[in-house]
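Single-structure report; data block below.
Below, chains carry the letters A, B, ... as their sequence lines are ordered, and counting in each starts from 1.
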Number of protein chains: 4
Amino acid sequence: MPVKKVDKRDIIKASLKVFRQKGYHSTTMSDIAAACGLLKGSIYHHFEGKEDLMLQTIDFLHAYYSREVFSIAYDESLTGLEKLDRLAAISEDIFMKEKGGCLMANIGLETANDYPRFRVRIKAYFEEWIQSLEHIFGQAYEAEKAREIAEFSVAEIEGAVMLMQVYHDKRYLERAHRHIKNQFMAALAGPEMPATGKVNGAKTQIKRSIAENKEI
Amino acid sequence: MPVKKVDKRDIIKASLKVFRQKGYHSTTMSDIAAACGLLKGSIYHHFEGKEDLMLQTIDFLHAYYSREVFSIAYDESLTGLEKLDRLAAISEDIFMKEKGGCLMANIGLETANDYPRFRVRIKAYFEEWIQSLEHIFGQAYEAEKAREIAEFSVAEIEGAVMLMQVYHDKRYLERAHRHIKNQFMAALAGPEMPATGKVNGAKTQIKRSIAENKEI
Amino acid sequence: MPVKKVDKRDIIKASLKVFRQKGYHSTTMSDIAAACGLLKGSIYHHFEGKEDLMLQTIDFLHAYYSREVFSIAYDESLTGLEKLDRLAAISEDIFMKEKGGCLMANIGLETANDYPRFRVRIKAYFEEWIQSLEHIFGQAYEAEKAREIAEFSVAEIEGAVMLMQVYHDKRYLERAHRHIKNQFMAALAGPEMPATGKVNGAKTQIKRSIAENKEI
Amino acid sequence: MPVKKVDKRDIIKASLKVFRQKGYHSTTMSDIAAACGLLKGSIYHHFEGKEDLMLQTIDFLHAYYSREVFSIAYDESLTGLEKLDRLAAISEDIFMKEKGGCLMANIGLETANDYPRFRVRIKAYFEEWIQSLEHIFGQAYEAEKAREIAEFSVAEIEGAVMLMQVYHDKRYLERAHRHIKNQFMAALAGPEMPATGKVNGAKTQIKRSIAENKEI
DNA sequence: GATGAATGAGACTTCATTCAT
DNA sequence: GATGAATGAAGTCTCATTCAT
């Protein structure tokens, strides 16, 4: 007789959905309770309060991304383009499948000035994202440039997610991903890159990517 | 003895600041009243309620941008690069001088799912922004491409403003502007990427633009 | 050029309508102001406040009834039945033409416990109404009985007006009037009445009434 | 240790008193909360809002009358006069023991124009009251007449309750009841009634009533 | 006399949180 | 662990009243 038990994870998962859609201030403890089949008061057995719940939700989401998404950037069995493709595919899956876009950006903007504890954690998430892209772009750019392009990319993706929300048009995100990939491919192929082994490796790799990757 | 009267404009200006910093749900009518030296109840002489105030604040800001910012894109006494420079300078002035970044993005994300009336107006604002950039980019790209680059640019700027908030680091916006300008310069410098100094090519292009641009 | 001036009377007449329809607590000074083309603040040039306005409205209405309605009961050029008919006609005109029924009953019930100054005045109105009917019924009943029947009649009419409101059916009032008249006619014709000149006069009179009154 | 819990019924009973005395608009949620030992906000655990509370209070009162009062009219172990007597006794008990008279009439008049949902329910209450009297009067009158007399009676009682409030004199209600009873007795005994079995039965019954009923 | 901005008290309602069961 | 009644602070909004113009 499998008794349905609601545990912290379940509550956090429900919070994730609700917070992403309604933001921090507008979601009530009742909303979250309803989303996981509990009553308002019961949540306090698992979390100290709303702020604690938000914090743990951010941490949960960050951990999920570290494990399932950002790690892709360090999977050296993949080419750089393959990495970008996989990241794009996952991002589109996450940001487009459920309403609300990106929890981190939503909560980050909504609470940036009043909840430093949220901000610090959200910053850590973006930092890890940027670093993972930086690692990929390091293949085609020198270190400082790679960092910058990684930042531009995250910015462009998040901006696209925002436009997606405002326009109710999912194509913004796809196009942003394509744009980023094209930039990367151009850099990989670019003659202006110093002739190092790295570049050569990159060039080789890109050909492999093109050959392997039907989607390109 | 001229008695200081608080009129709608004053309230809207105060709202602008407060809404930008705290978002929609977190700012109270008392916050706004305090910000313009009134009592809570007095705001209702000028606005039907909080939602109406937000709406009119959005409209006010949009009108301001149309008049003071987006119009620059259509000032044909300027070259494309000059336009971008001015737009960047103003944007940085606005987004960085006061806390809170971009009201439109903040409110857009926070209320996208629950306040369609906000969303529609915010979308109109972004649409006008994108079109103004599209007009500039039309000089270096064919129509469809110009639209896309304009969208990428707005996304990148808004993403940068978001990172700015989360990182408490103002350089993100400047770099985004630089990135956009560089892309534009590269595009101006011709379809075939010159293997030589990109910058030189761009400089040439600029001169050409200035010379030619009386009628662009 | 006749300049439209709003004076106390105009405000009171507007109040009458609004108070009758919405009751005391639910009508706002703005409602009344709007009903007479003024702004809220302007009413305070004519009345000390809402309570004062209600008081003067009650007095105005009482005075109107004394002059135009209750006086009929003492017009000895009319028979008793004619008096009743005229009273009924006027009542129906007043209570049915405009929404809201009877201001005195509405306000009386709504404020009976909290506004003794209203209650006293409203009581005076009902007292005068009862006395006027008592005067008519004195023709057919001895003094004490006449008073009682007058009270019953006022109660029945007011109860009918209440049912009229609740049922949205105007016939209640007409039927109440008919019922009262029939009782009176029965009393006039009744064999149990002591054979006094008064009664004989009444009997004579009722025949005249019947002859004259097509509606009976 | 049974902790005293306040449940919906308790709140409704408190509401009943407060609404009857102060009317709908003038009673605040705090008034009601205070009347049942809660804080204002706590009421919202049991009711959606003030309107819902009023609605349920009306329904509660109607149900009470159906069960305890109007049912008397259909208790055929009683004579018609006995029924009237009991109804009168209960009415006087209810309307005179507590301040405020008749909730249904008070709220009905105060909100007739603005709260159709109240009106509909209050109308249902009066309809049931009228029908119960119609049932009694059916003994002495033909159907249509019985209905009319029932309406007159309800009107007269409610009008008397109103006068009771305005005059602060409880005798109005007693006299109204006596008047209604007298009319009924007269009808039962009346020679003008067509000589049917029904009437004979009624006549028989009235004698029994008089014999049995010590209070008359 | 009229205006309309401003006041400030108070209304209804929401909600994070607590706690006895 | 879960419940749901209760709390109390705070939020949006209303409105009678005042007053400078």
Side-chain angles (χ1 to χ4, degrees), chain A residues 3 5-8 11 25-33 36-53, chain B residues 1-8 10-11 25-33 36-53, chain C residues 3 5-8 11 25-33 36-53, chain D residues 1-8 10-11 25-33 36-53:
Chain A
V3 172
K5 271 277 196 44
V6 174
D7 66 352
K8 276 184 80 140
I11 297 174
H25 291 101
S26 189
T27 98
T28 71
M29 293 302 266
S30 283
D31 289 334
I32 291 165
C36 55
L38 291 179
L39 289 185
K40 191 160 58 160
S42 306
I43 303 207
Y44 290 83
H45 285 287
H46 303 277
F47 300 90
E48 287 174 19
K50 192 182 179 182
E51 191 170 335
D52 180 41
L53 179 53
Chain B
M1 216 80 72
V3 167
K4 182 63 180 354
K5 277 274 193 46
V6 175
D7 68 352
K8 276 182 83 136
D10 299 319
I11 297 173
H25 291 101
S26 190
T27 99
T28 71
M29 293 303 266
S30 282
D31 289 335
I32 290 165
C36 57
L38 291 179
L39 289 189
K40 182 162 63 166
S42 305
I43 311 250
Y44 292 84
H45 276 282
H46 303 278
F47 301 92
E48 287 173 19
K50 192 182 179 182
E51 190 170 336
D52 179 42
L53 179 53
Chain C
V3 173
K5 271 278 198 45
V6 174
D7 67 352
K8 276 183 80 142
I11 297 173
H25 291 101
S26 190
T27 97
T28 71
M29 293 302 265
S30 282
D31 289 335
I32 291 165
C36 57
L38 290 179
L39 289 185
K40 189 160 59 160
S42 307
I43 303 206
Y44 291 83
H45 285 287
H46 302 277
F47 301 91
E48 287 173 20
K50 192 180 179 183
E51 190 169 336
D52 179 41
L53 177 54
Chain D
M1 212 86 71
V3 169
K4 182 63 181 352
K5 278 273 193 48
V6 175
D7 68 351
K8 276 182 81 138
D10 299 319
I11 297 173
H25 292 100
S26 189
T27 99
T28 72
M29 293 303 267
S30 281
D31 289 335
I32 290 166
C36 55
L38 291 178
L39 288 190
K40 178 162 67 163
S42 306
I43 311 246
Y44 291 84
H45 276 281
H46 303 276
F47 301 91
E48 287 174 18
K50 192 182 180 183
E51 190 169 336
D52 179 42
L53 178 53

**Message:** Reading DNA chain E from 5' onward, which residue's closest nucleotide shows up sooner: B/Leu39 or D/Gly49?
**Reply:** B/Leu39

**Asked** Does B/Tyr44 put a side-chain nitrogen or oxygen below 4.0 Å from OP1 or OP2 of F/dT14?
**Response** no

**Message:** So if I take every side-chain heavy atom of D/Met29 and compare against E/dA2, E/dG10, E/dC12, which nucleotide ends up nearest?
**Reply:** E/dC12

**Message:** Does atom CD (B/Glu51) have a neighbourhood of more than 12 heavy atoms from anything else shown, all under 6.0 Å?
**Reply:** yes

**Asked** Roughly how far, to the nearest 0.5 Å, is the CG atom of A/Leu53 from the NE2 atom of A/His46?
**Response** 11.0 Å

**Request:** Enter the distance from B/Leu39:CG to B/Ser30:OG here, rounded to the nearest 0.5 Å.
**Result:** 8.5 Å

**Prompt:** When the distance from CG of C/Asp31 to C1' of F/dA16 is rounded to whole Å, what number comes out?
**Reply:** 12 Å

**Complete:** Separation of E/dA6 atom P from B/Asp7 atom CG, nearest Å, is 9 Å

**Request:** Could you let me know what E/dT21 is paired to, Watson-Crick or G-U wobble, both distances under 3.5 Å, or none if it's on its own?
**Result:** F/dA2

**Message:** Given F/dT7, F/dT12, E/dT3, identify the nucleotide with an atom nearest to the side chain of D/Leu38.
**Reply:** F/dT7

**Message:** Mind checking if D/Thr27 touches a base, just sugar-phosphate, or nothing, with heavy atoms under 4.0 Å?
**Reply:** sugar-phosphate

**Side chain of C/His45 - closest among E/dT17, F/dA16, E/dT3** = E/dT3

**Asked** Where do D/Leu38 and D/Ile11 land on the side chain to side chain contact (heavy atoms under 4.5 Å, CB included) test, with the steps shown first?
**Response** CA-CA 9 Å; D/Leu38 291 178; D/Ile11 297 173; 4.0 Å; yes

**Whole-Å gap separating P (E/dC15) and CG (A/Leu53)** = 16 Å

**Message:** Using whole Å, what does the distance between atom P of nucleotide E/dA16 and atom CD1 of A/Ile11 come to?
**Reply:** 15 Å

**Request:** Quickly work out the B/Ile32 CD1 to F/dT12 C1' distance and round it to whole Å.
**Result:** 12 Å

**Item:** C/Ser42 side-chain N/O to E/dT3 phosphate OP1/OP2 under 4.0 Å
**Value:** yes

**Fill in**
Checking F/dC13, E/dA6, F/dA6 against the side chain of B/Lys40 (C-beta onward), the nearest is F/dC13

**Fill in**
To the nearest angstrom, the CD-P distance between D/Glu51 and E/dA11 comes to 19 Å

**Request:** Calculate the interatomic distance between A/Phe47 atom CZ and E/dT18 atom P; express it in whole Å.
**Result:** 15 Å

**Item:** First encountered from the 5' end of DNA chain E, between A/Thr28 and C/His46
**Value:** C/His46

**Request:** Please tell me which of A/Ile43 and C/Gly41 maps to the more 5' nucleotide of DNA chain F, matching each residue to the nucleotide holding its nearest heavy atom.
**Result:** A/Ile43

**Request:** Can you tell me the pairing partner of E/dA9 across any strand shown, Watson-Crick or G-U wobble, with both distances under 3.5 angstrom?
**Result:** F/dT14

**Prompt:** Does B/Lys50 reach the main-chain N or O of B/Thr27 with its side chain, forming a donor-acceptor pair under 3.5 Å?
**Reply:** yes

**Message:** What is the separation between atom NZ on D/Lys50 and atom P on F/dT12, rounded to the nearest whole Å?
**Reply:** 21 Å

